[in-house]
K.L.:
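Structure in structure tokens, see below.
Scope of the values below: all heavy atoms of this structure, side chains included, with no hydrogens, waters or symmetry mates. If you're wondering where the values come from, they're calculated on a predicted model, not measured in any experiment.
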Amino acid sequence: MTKKSLWTILGLSLIIVGLTAVILQMIGTQWAFLSFLEIPGRLFAFVTKVIMVIAGFVIIVLARTDWERERQESGGE
């Protein structure tokens with residue numbers, strides 16, 4: 001498995017865990033392993049879960065980008 005694949009799997013797992021955590025929070029339950037996020041407050045937990053989803057998308061985009069091709073298309077070396 002390449003590093004790109006590992007980063008993609010990490011990003012996808014962040015997206016899945018974050019989205020399901022937000023959905024579960026909306027219906028009034030939560031993942032047991034994320035219950036520590038509720039200590040500071042519900043808003044903090046919600047924002048942290050949304051950041052998890054956004055970070056997952058960012059990790060996937062950065063992992064799947066072909067940086068050499070981007071450099072060539074932009075006119076760089």
K.L.:
Ignoring hydrogens and angles, write down the donor-acceptor pairs under 3.5 Å from the side chains of residues 53-65, residues two or more places apart or on other chains.
P.N.:
unit_1	atom_1	unit_2	atom_2	d
Thr65	OG1	Val61	O	2.5

K.L.:
Consider only side-chain heavy atoms of I, L, V, M, F, W and Y, link residues closer than 4.5 Å, and tell whether Phe33 and Leu12 are in one cluster.
P.N.:
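No: no chain of side-chain contacts under 4.5 Å links Phe33 to Leu12.
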K.L.:
Taking atom CD1 of Ile9 and atom CG of Leu14, what is their separation to the nearest 0.5 Å?
P.N.:
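Going from the CD1 atom of Ile9 to the CG atom of Leu14 covers 12.5 Å.
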K.L.:
Taking a hydrophobic cluster as the set of Ile, Leu, Val, Met, Phe, Trp and Tyr residues connected by side-chain heavy atoms closer than 4.5 Å, whether directly or through intermediates, do Phe44 and Met52 fall within one such cluster?
P.N.:
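Per the 4.5 Å side-chain linkage, Phe44 and Met52 are co-clustered.
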K.L.:
Quick one: do Val47 and Met26 end up in the same hydrophobic cluster if we chain Ile, Leu, Val, Met, Phe, Trp and Tyr together by side-chain heavy atoms under 4.5 Å apart?
P.N.:
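Each belongs to a different hydrophobic cluster.
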K.L.:
Can you list every side-chain hydrogen bond (donor to acceptor under 3.5 Å, both in side chains) pair that touches residues 6-23, not counting sequence neighbours?
P.N.:
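Checked against side-chain hydrogen bond (donor to acceptor under 3.5 Å, both in side chains) - neighbours excluded - the pairs reaching residues 6-23 are Thr20-Trp31.
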K.L.:
Ile27: which residues meet the side-chain contact (heavy atoms from CB on, under 4.5 Å) condition with it, sequence neighbours left out?
P.N.:
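Counting only residues at least two positions away or on another chain, Ile27 forms a side-chain contact (heavy atoms from CB on, under 4.5 Å) with Leu24, Thr29.
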K.L.:
I'd like to check the side-chain hydrogen bond (donor to acceptor under 3.5 Å, both in side chains) partners of Ser5; sequence neighbours left out, ordered by chain and number.
P.N.:
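Only Thr2 meet the side-chain hydrogen bond (donor to acceptor under 3.5 Å, both in side chains) criterion with Ser5.
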K.L.:
How many angstroms lie between CD in Glu68 and CZ in Arg71, if you round to the nearest 0.5 Å?
P.N.:
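Here the rounded value is 4.5 Å.
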K.L.:
Is there a path from Val17 to Leu37 through hydrophobic residues (I, L, V, M, F, W, Y) whose side chains come within less than 4.5 Å of each other?
P.N.:
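In one cluster: yes.
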K.L.:
Looking only at heavy atoms, which two atoms of Phe36 and Pro40 are closest? And how far apart?
P.N.:
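Where Phe36 meets Pro40 most closely, the heavy atoms are O-CD, 3.9 Å.
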K.L.:
Write out all pairs satisfying salt bridge (Lys or Arg N to Asp or Glu O under 4.0 Å) with one or both partners inside residues 2-30, taking only residues at least two apart or from two chains.
P.N.:
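For residues 2-30: none.
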K.L.:
To the nearest 0.5 angstrom, please state how far the NZ atom of Lys49 sits from the CG atom of Leu19.
P.N.:
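With rounding to 0.5 Å, NZ (Lys49) is 12.0 Å from CG (Leu19).
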K.L.:
List for me each residue that meets side-chain contact (heavy atoms from CB on, under 4.5 Å) alongside Gln30, sequence neighbours excluded, and say none if there are none.
P.N.:
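side-chain contact (heavy atoms from CB on, under 4.5 Å) list for Gln30, sorted by chain: Ser35, Glu38.
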